[in-house]
Structure formats: structure tokens, C-alpha cells
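Bear in mind that the values here come from a model prediction, so they are computed numbers and not experimental data. Just the heavy atoms: all of them, side chains too, but no hydrogens, waters or symmetry mates, feed the values below. Quick note on labels: first sequence line is chain A, next is B, and so on, each numbered from 1.
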Amino acid sequence: MNLFAHFSDLIKAELAVLVQEGVLAVDTDFSRVAVEPPRDVSHGDISTNAAMVLAKAARMKPRDLAQMLAGRLERQADIASVEVAGPGFINIRLSNAFWHKILQIIVKEKRDFGRSNLGRGVRVNVEYVSANPTGPMHVGHCRGAVFGDALANLLEFAGFDVCREYYINDAGAQVDVLARSAYLRYREALGEEIGEVPAGLYPGDYLKPVGVLLKEKFGAALRDKEEAEWLPPVRIIAIDAMMAMIREDLAALNVRHDVFFSERSLISGGNDEIAALIEQLRANDLVYEGRLEPPKGRLPEDWEDREQTLFRATRFGDDTDRPLLKSDGGYTYFASDIAYHADKYARGFARMIDVWGADHGGYVKRMQSAVKAVTNGEGELDVKLCQLVRLLRGGVPVKMSKRSGEFVTLRDVVQEVGRDPVRFMMLYRKNDAPLDFDFAKVTEQSRDNPVFYVQYAHARICSVLHKARDELGADMPCDAALEAAAFAKLADGSELALIKRMAQWPRLVEQAAMHHEPHRIAFFLYDLASDFHGLWNRGKESPDLRFIRADDIKLTVARLAMIGSAASILAAGLDVLGVEAVEEMR
RNA sequence: GGUCCCGUAGCUCAGUAGGAUAGAGCACGAGAUUCCUAAUCUCGGGGUCGCAGGUUCGAAUCCUGCCGGGAUCACCA
């Protein structure tokens, strides 16, 4: 349960009474009434701006209206005290009993606490990675992959019906280059001396096995054929091999997809969806033949002023109209992407999220305008841009040269630092902020490393629970006993602080989901871990605060229930991030 | 030149749908601890939220303009 939503309902019910009593007009707008945690804990547990927002409508001074409301709220069972502060804030303090009630709910719901119905089962399509099937994934793909995967997890946790999708760009010129590169390796496999790989082809060794595969499949049959003849079959096999490799890369990072959607499938099988779509747009006067202004500033060298087939993107908020056909008559990437998004919509996804690299930022407006056009304004596309990741090793940037094919692959990174640290660090930053990824820091086992810090909190709790099992033996409480624990014994300030933090979890999940920002989960987990470690540390100096108290079994049971709940939330949150909640540190 | 993103403590970054005295970690400074449950702990200083206007009860947050950094700019993916 989201306690802020709960009290928001309660406050709005009181406001409704004020409407009945004629204090507020019948048509008063309550949409600006906020019920939130105050920034400063000394202001209480819950704060609302209701009086300030509604003062005008009530023709009262904010503080007077606040007093009136405060008087009513004070009578509520879970509310310990209410005070009016500042310009008219109403600050509410909840009773300890209420927090203990929340804790009991967490104990019962375990890892499901925080799961939300925010999404109400609405279908959402999240597309991420969509790396070209021309080679193994490199570090650059890491962030988007982890981000998209975690976002999908988050939306599921918040009650959306999520489809995770990968768009395979298997129709462009790049896969032809791939096919030619693979063909070269095929000739090599047949014993030919190929020398250095010509510029313009992919030089990586990863194509050698594809060459061998082609030899096994076709023998020498393709050697003396024309390119037009060998290219299509070679392309298919090469793409399949690349996708198999990419799937392994994704598995290594624990990144999942439900659908791998082939771009080529839009035009193959005698059913050209792109052509159909262009005609449909043309019928609606959204496609025309025309000329574009050359870009302002420096003119591209090979610019030629010519007539093109253009989509009226400007009608939907883009800066200029966009070409659908290339000079060679083929479809532009944009054209197939429109058809792809139209296809998503046709499959029942009015809500779409695309995760792209920041270098595609200039593409956002045109895609959003296209989505509006092909969905009659009913589709909604949010594009999340992931900024670059800067790889460092002990503070020194890692050199990468694309020319020599020497780039750090995703697999290298996962092998070196492990899947969990990679994932956590990729999410421990807002997606649109650049990210420094330092191999040295990420693997460090100290409290300075947030991955370790959060995982350690979980492991530490598991360790305490183990110890409790050893020490208490048969007295170790079962689930039913934990649910019925004497929560009222948890009255220390830092214990209540931990419980209050846990109580924020459902609201945080909903906000992270609404904003499509999984990093908020990572930061929350850090704060929760910090609360727990703090409590643990206090137990060092004040034995009274230790979790296991042989002299007070009831208190011990309550504390075990409390830290067990923290472990549940840590585990649930880490699960959203796709990071394992380990039970012990190695 | 256009568009998009960013600008918050010395550094790296959070900052809730517009809320109150703007936070954390690192670094720095001062103490505590050699005990223990597993990899120390506590406290402290530190800010023109890039600049200037605007919107309003109230702005780091929204709007406009400027400054600085990055990405991108017919046809490639």
C-alpha cells in the first residue's frame, strides 16, 4: 500500500465534507492538492499543501483553512498530531502504532510489498538494445541494455503488462557488408589467402567461424557464383550467427527480450508493409514529393538539391519534413521504423518506450511525430536516451580504437567485473547523465562501492537470521510468529526511521515507474541499506540495540521481523534492477 | 546556424507533479575504537543551485533570453 495515496484519499474525504458544508465551492479543483513526505523529517511524516492551494477558492487565509482542516484530521485514528506550519502547510505525524501496522503488512507481503496496480494491466512495449546484427555487443550497448531491461522489470512490478522487444536491423546496407565480410572468411576457410581485410568490411575474427560454417554448409559451391547469387544465403546465415552471439551476450548480462522483431519481415513474404504504410500516409496527405532546405550552417559536401518523397513530420511537431526513400529508391531507415512502430500499435501497444543511445537524440522528434501520425494521435512514444559510458581503469580512460577492431566487448566487461556490478552501476545514474565506469572502483569491496554496500546489507541480514537460528534453535520464529511479533517494542528512533523508509517503498516504485526512471530504485536501495547498516553499527556500541537479545525473545522476534522486511525490500528492489540479492559475500 | 541533453559543495552525483532551513558519497578537518555480528564508527566545516528576467503565496524544479559543455543536423544505422 502506498501510504501517501491512502492519506491523500483521507484528506480529500475531509475536503469533500468542507464542500458539503459550503466552505469550499462545489466545483473546487483539488488536482493541485499534494500529499507528500516533507523534505525535513522534523516536520513530521506527511505534509499537505491543501490549505495553500485552496485558500483562494475558500476565500480564507491559508493558515485559517489549515487550522480548520487540521482540527478534523487530528481526530483520525492513525494520526498522532497535526500542526500548521509556515505559510499554511499541514504537517501530520503518524502514531507509532501505525508504523508498526505497516511493518506487519511488509512482514506478510514480503517481496510483494511495493508491487503496485498503478499500471492496471495496460500494455506497454519497451524496445531496447536493437544493436545491429553485425558483430558482438560492445560496452556502448551495455547501458541501454541494462536500462531497458530494468525499466521493463520496474513497469511489470508497477502493474503494467510489458512486452520487451528487440528490433533486428537486418534489412539495411550494413548487413550486406556483413555478408561480404563473411564471404571473405568463407574463402579463407576454403584455403584461400585473403590477406588483410579490405577497408569497408568488418575485420573482426568473430566472422571466422561463420566462414567455416559456410564452408561446411555449401562446400565450394558459392565460390564462383556472382555476388547477387551468393549474397542472400550468406547474409541469412551470417545474421543468424550474429544474433546467436548477441543473444549469448544478452544472457551474460541477464537481459531478456520477449520478441525479436525482424526489420526484413516488414517487406518479405510478398507483403510490403512499408509500401502499404507510405500509401496510407499519402492518402491522408501526409506524404508528398518535394525539396528540402539544405541544413543551416556548414553544407554537407555531397549535398544535392533534389526532389524526395517526404513525410510531413512538421505537422506533428518536428522541425522539418523527413525523407522516406533513398536516392537509390530503397526505404530510409526512418520509413521502416515508422512501419515498425505502426506494427507495434497494431499489435495492441498504444504505449511505447524506445531506449536509444544519446547520439540518436536528433531522431526523437521525427519518431514521435510519426507515431502520432500512424496512430491517429492515440499512440504515445517515450524515448529514453542513454548517455555515453566512459570506461576507466583506476581513473585512466581505457583506449578503444574502432579502426583496428580493438573495442571492449560487453562480454569482456561482464567477465572482468561480474554481471551484478555492471548492472548496478549502469543504473546508479540518471539515464541522461554521462557515466564513468571504473573497473577498479566497481570491483572494490568497500562501503564506497554502492553495489557492494547494498548487496552487503542483504547478506548481513541473512547472516543475522542464520545466527538467530543457531542461537535460538527451536525458538526461532516461523512466519506466523513473525507476523504476530510484538512490534510495539520497536520504539527506538533509528528503528522507526528504518520502518518509515521501508514504508516509502511503494510510493517510490510508483514514481520511478511513472517517470520511467529505474535509477530511483537504485538510490532508494542505497538509502535503505544505509539505514540498516547504521542500525547495525549502533548495536556495536549499545548492546541494547542488537537484533538478537537472548534476554528478550519477544523483542528479538520483532527485530528479526523488521530486518527480514528490509531484506525483502532489498531483494525485491535488486530483482527489479536484475541484480542478485546474495545471501553471503564471497 | 537549427534542434535535443546537461550545468547543484573542492570532486562524482541525487533532489519527489511547484513546497518550508537544498542532500548523499568521496575528499578535507576533529574525535572514538583494536572490541566485535563480516569489510571501522561518530561529529564537523563547506552552496550566488551557470547568469538575468518572468509566472505565484512559494522556483534548483515551470516560461523567455543569454553564457558554458556535450550530442546531432538530406540520403547511412
Exercise. For A/D544, which residues count as a salt bridge (charged side-chain N to carboxylate O under 4.0 Å, His left out) partner, sequence neighbours excluded?
Worked result: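 Expected list: none.
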Exercise. Looking only at atom P, what distance separates B/A22 and B/G29, rounded to whole Å?
Worked result: 27 Å
For this session: Write down the distance separating the P atoms in B/G23 and B/G46, rounded off to the nearest Å.
Result: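 Those two atoms are separated by 13 Å.
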For this session: Return the value, rounded to whole Å, for the distance between atom NZ of A/K430 and atom P of B/A24.
Result: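 Computing the A/K430:NZ to B/A24:P distance gives 18 Å.
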Exercise. For the pair made of CZ in A/R32 and P in B/G19, what is the distance, rounded to whole Å?
Worked result: 11 Å
Exercise. Within the stacking criterion (centroid distance below 5.5 Å, interplanar angle below 30°), does A/F89 stack on B/A20?
Worked result: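 Aromatic stack with B/A20 present for A/F89.
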Just to verify, what does [X] make a side-chain hydrogen bond (donor to acceptor under 3.5 Å, both in side chains) with, not counting sequence neighbours?
X: A/D448; answer: none
X: A/D436; answer: A/R390
X: A/K365; answer: A/D319

Problem set entry | Nucleic acid contacts - residues 319-331 of chain A versus RNA chain B, non-hydrogen atoms under 4.0 Å | A/D319, A/P323, A/K326, A/S327
Exercise. Taking N and O atoms by type only, does the side chain of A/S530 place a donor or acceptor under 3.5 Å from a partner on the base of B/A24?
Worked result: no
Exercise. Side chain of A/S446, base of B/A39: donor and acceptor closer than 3.5 Å?
Worked result: no
For this session: Let me have RNA chain B in dot-bracket notation, would you? Count Watson-Crick plus G-U wobble pairs, both distances under 3.5 Å, and use [ ] for pairs crossing earlier ones and | for inter-strand partners.
Result: (((((((..((((.....[...)))).(((((.......))))).....(((((..]....))))))))))))....
For this session: Please determine if A/E165 and A/K344 form a salt bridge, counting it only when a charged side-chain N lies under 4.0 Å from a carboxylate O.
Result: no
Exercise. Quick one: on RNA chain B, does A/M52 or A/D170 contact a more 5' nucleotide (nearest heavy atom)?
Worked result: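 Final value for this comparison: A/M52.
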For this session: Find out whether the Lys NZ or Arg CZ of A/R559 is both under 6.0 angstrom from the six-membered ring centre of A/F547 and within 45° of the ring's axis.
Result: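 Negative - A/R559 is either too far from the ring of A/F547 or too far off its axis.
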For this session: Tell me what A/R39 touches on the nucleic acid: a base, only sugar-phosphate, or nothing, going by heavy atoms under 4.0 Å.
Result: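 Base, at least one base heavy atom under 4.0 Å.
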